[in-house]
Asker: 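Would you mind keeping the following structure in view while I ask a few things?
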Amino acid sequence: MNLIRSLWIALIVSMFCAIATPEASAFCGFYVAKADAQLYNQASQVAIARSGSQTVLTMANDYQGEVRDFAMVVPVPVVLQPDQVQVAEPSIMARLDAFSAPRLVEYFDPDPCAPPDFEIWDRSSAAAPLAEAPVQKSSSRALGVTVESQFSVGEYEIVVLSARESHGLATWLRQNGYRMPAGADRLLQPYIRQNLKFFVAKVNLEEYESSGFQALRPLQIQYESPRFMLPIRLGMLNATAAQDLIVYILSPEGQAEVTNYRTVKIPSDAELPLFVQDEFSGFYKAMFGKAYEREGRNVAFLEYAWDMAGCDPCSAEPLTPAELRQAGVFWLPNPNRAPDWSRPTSVFLTRLHIRYSRDRFPEDLSFQQTGNRSFFQGRYVLRHPFTETTETARCPAGRQYQRELPRRFEQQAQTLAQLTGWQLSDIRRRLPSIQITPISLWQRLWTAVWGLG
Amino acid sequence: MLIADARFSQIFCLLLFLGLGIFTRDWSLQPVNIGVTILTCLTVQTGWMLACRREVSALVSSLPSALITSLGLSLLLRAESWLPMALAGSIAISSKFLFRVNHKHLFNPSNFGIVIALTLTSAWVSPGQWGEESSYALLFLGLGGLVTKLAGRWDTTGLFLGSYAGLEAARNLWLGWSWDVWLHRLSSGSLLVFAFFMITDPRSIPDSRTGRMIWALGIAGLTFWLRNFCFISTAAFWALFLLAPLGSLIDRLWPAARFTWQPPIKADAKSDAKPDAKSESEANVTLQYSQHSPGIL
């Protein structure tokens, strides 16, 4: 990890996050999410469960530096008390990721010579779905900094600060062992003047070592505020390249969208050559990059939008009610209590993928929930041809099917080239070769007269 | 004379942006919804005109306004099905006939339809779906219209945008943001459509220039407050909705000649060419006034 990366990667969430850290590293926000998201060099993951103005924000990171160097500063709209902060199950982000990740599905062509069966396509699509997830305290008053609350949660030590001016806050952080990157003072000011508080977390090494966890667990905070935004400016302070942010928004209403940038659906439902199965991550990364450039590098991509009650096809088992509660969904009825009909019972998941850089994303992200309950998923199709050559050649429909395969492969190659920018000639070289059964003269004549091959 | 009707340039611009959205942007624009909205607005307009026993010529003359209302709704409002769009269209047109003060609309019809749909249905407005490039194109065309005076009360647009931009600039300066943040906040397609095509509706905004200045400043101020202190992404629509009833009060305090879409036949050439430039002292000059011509959006 380079210095920049370990220095501050801030980001955040409810309002954003800044980072500071002891020694030379600090980490704020998320960067490299998890295995599935290793697809991206710098990816943060945030889950926001929101109903009305109640918000539960889960910040996960895959911090890979020295744990003692970890620290993050997250601007929050209210002073958080101990009962508003907890550590979440480490697996919850991985579950959300696996469930909503763009997926590759496979279909197998039926025997073209088999008797007509009107249900055959339904059967084939239901039979073979295979999903693959791509997927110092005395000076505080003089500095204008107030320690609003201070407590420990799990392996984290939390301090919630309010400040009157940015220089005082930066000085306080430095005096308390956090190394602030150049330019941080200036960037903290807008948040201070918006009356935001600063949620500062670092690791209690003793607690961490005794916890037995191999990685830092996600931090989860809850608060009530009309603000529905995700500050990203602090996280860009030291970034030299675009960063990836994946936001899971859980809502009782419908799709969520970004209100101050365009929200665009990622290209989906494309039929691709079979070799993509072995390099789906590479395909998706290339396709995302192409779409990102095509849209002007300043949009949010919608990768998934679905009611959590189901999925089709499922890339992972839907989250259980208990898992949803771990992800912050607070409005689901408690099974141990009498039914409360005033509470919403549905959960709609929206997965947004935002690749942001300082020049194209000057403003923090604002979101809204909408009543749009239409489903969407990033879904890519592999269609395996029926390869039993001798069987295929035994009937006219089979021979016709055989002759159409090269055209289908070419179409798939062109689709792949268009989506990824890969060289068409390279793709063609990797297409399967089909042995076409020779057709006799009388068969050609028959075809010309009756239209059958 | 029909070609001189400013509403046709409005229709042209709105169709242009609707086309832009359909063909170049992922806006979730559904042709069925657009069709239903247009049909609903035209039908409801016809129904109300017949119910009010207006002449056929008056009915025909009013249809472009209903079309503009429907195009505005199609551009700004999103819904999963056609029902909320039909409801918004019906309510928008009906508001022109139900809420009138001194033969003038109390609410901007499109704005009224949008706010009611947002409140009662699952419809939503997507302020971010234009993108900066589209916003710049819109700004360019809008300013073009401003310069060429193709439509009604463009001074209102100028003051609204100017004062809102000024308030946002002051906030930006106070917070210490870089100026690209300010530019980005202003490049909202919804805000510009609102400014160029909704707040310019001469049939629902004050008649006098002084009144319009106060009106525009009020809406800009309320929009600024709702967006930055109440965090409402559809702030402008709510601001216009909340301040609309004050329009009749402003007209009473600062009376002026009523605007007409079609060039006056008997008025002098000067007033024909520059209906907006009339001074307060000309408030009692009688221009041809078609009671049937509704508002813009």
Asker: What part of A/Gln189 lies closer than 4.5 angstrom to a heavy atom of chain B: side chain, backbone, both or neither?
Answerer: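 Its backbone and side chain both get close to chain B.
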Asker: Using a cut-off of under 4.5 Å on heavy-atom pairs, state which of B/Cys230, B/Pro127, B/Ser178 scores highest against chain A.
Answerer: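 Heavy-atom pair counts peak at B/Pro127.
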Asker: Go through A/Glu295, A/Arg186, A/Arg373 and name the one with the most non-hydrogen pairs under 4.5 angstrom from chain B.
Answerer: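 The option with the most such pairs is A/Arg373.
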Asker: Using the ring-ring contact (aromatic ring centres under 6.0 Å, His included) definition, which of the options B/Phe12, B/Trp130, B/Phe23, B/Phe196 pairs with B/Phe17?
Answerer: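 That would be B/Trp130; it is the only one of B/Phe12, B/Trp130, B/Phe23, B/Phe196 passing the ring-ring contact (aromatic ring centres under 6.0 Å, His included) with B/Phe17.
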Asker: Could you name each residue pair satisfying side chain to side chain donor-acceptor pair (under 3.5 Å) that touches residues 34-44 of chain B, not counting sequence neighbours?
Answerer: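 Every pair satisfying side chain to side chain donor-acceptor pair (under 3.5 Å) with a residue in residues 34-44 of chain B: there are none.
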Asker: Relative to chain B, which segment of A/Ser366 carries a heavy atom at a distance below 4.5 Å: side chain, backbone, both, or neither?
Answerer: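 No part of it gets close to chain B.
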Asker: For B/Arg185, is it the side chain, the backbone, both, or neither that has a heavy atom closer than 4.5 Å to a heavy atom of chain A?
Answerer: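 When you check distances to chain A, atoms from both the backbone and side chain of B/Arg185 fall under 4.5 Å.
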Asker: By a 4.5 Å heavy-atom criterion (distance strictly below it), what part of A/Asp359 contacts chain B: side chain, backbone, both, or neither?
Answerer: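 It is neither, since no heavy atom gets under 4.5 Å.
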Asker: Where on B/Trp174 is there a heavy atom nearer than 4.5 Å to chain A: the side chain, the backbone, both, or neither?
Answerer: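 Contact with chain A involves both backbone and side-chain atoms of B/Trp174.
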Asker: If you tally heavy-atom pairs under 4.5 Å against chain B, which of A/Val258, A/Asn260, A/Asn298, A/Asn372 wins?
Answerer: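 Counting heavy-atom pairs under 4.5 Å, the top option is A/Asn372.
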Asker: Could you tell me which non-hydrogen atom of B/Leu106 sits nearest to which non-hydrogen atom of B/Pro245, and how far apart they are?
Answerer: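 For B/Leu106 versus B/Pro245, the nearest heavy atoms are CD1-CA, 3.9 Å.
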Asker: Are B/Phe112 and B/Phe99 close enough that their ring centres sit under 6.0 Å apart?
Answerer: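 Close enough - the centres of the two rings lie under 6.0 Å apart.
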Asker: Taking only residues two or more places apart in sequence or in another chain, which ones pass side chain to side chain contact (heavy atoms under 4.5 Å, CB included) with B/Ala117?
Answerer: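 Residues passing side chain to side chain contact (heavy atoms under 4.5 Å, CB included) with B/Ala117: B/Leu77, B/Ala88, B/Thr121, B/Ala123.
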Asker: Could you pull out the closest heavy-atom pair between A/Ser268 and A/Gln377, with the gap in Å?
Answerer: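 Answer, listing the atom of A/Ser268 first, then A/Gln377: OG-O, 2.6 Å.
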Asker: Determine, using ring centers only, whether B/His184 and A/Tyr261 are less than 6.0 Å apart.
Answerer: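 They qualify: ring centres under 6.0 Å apart.
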Asker: Among A/Ile192, A/Thr259, A/Val299, who wins on heavy-atom pairs under 4.5 Å with chain B?
Answerer: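 Heavy-atom pair counts peak at A/Thr259.
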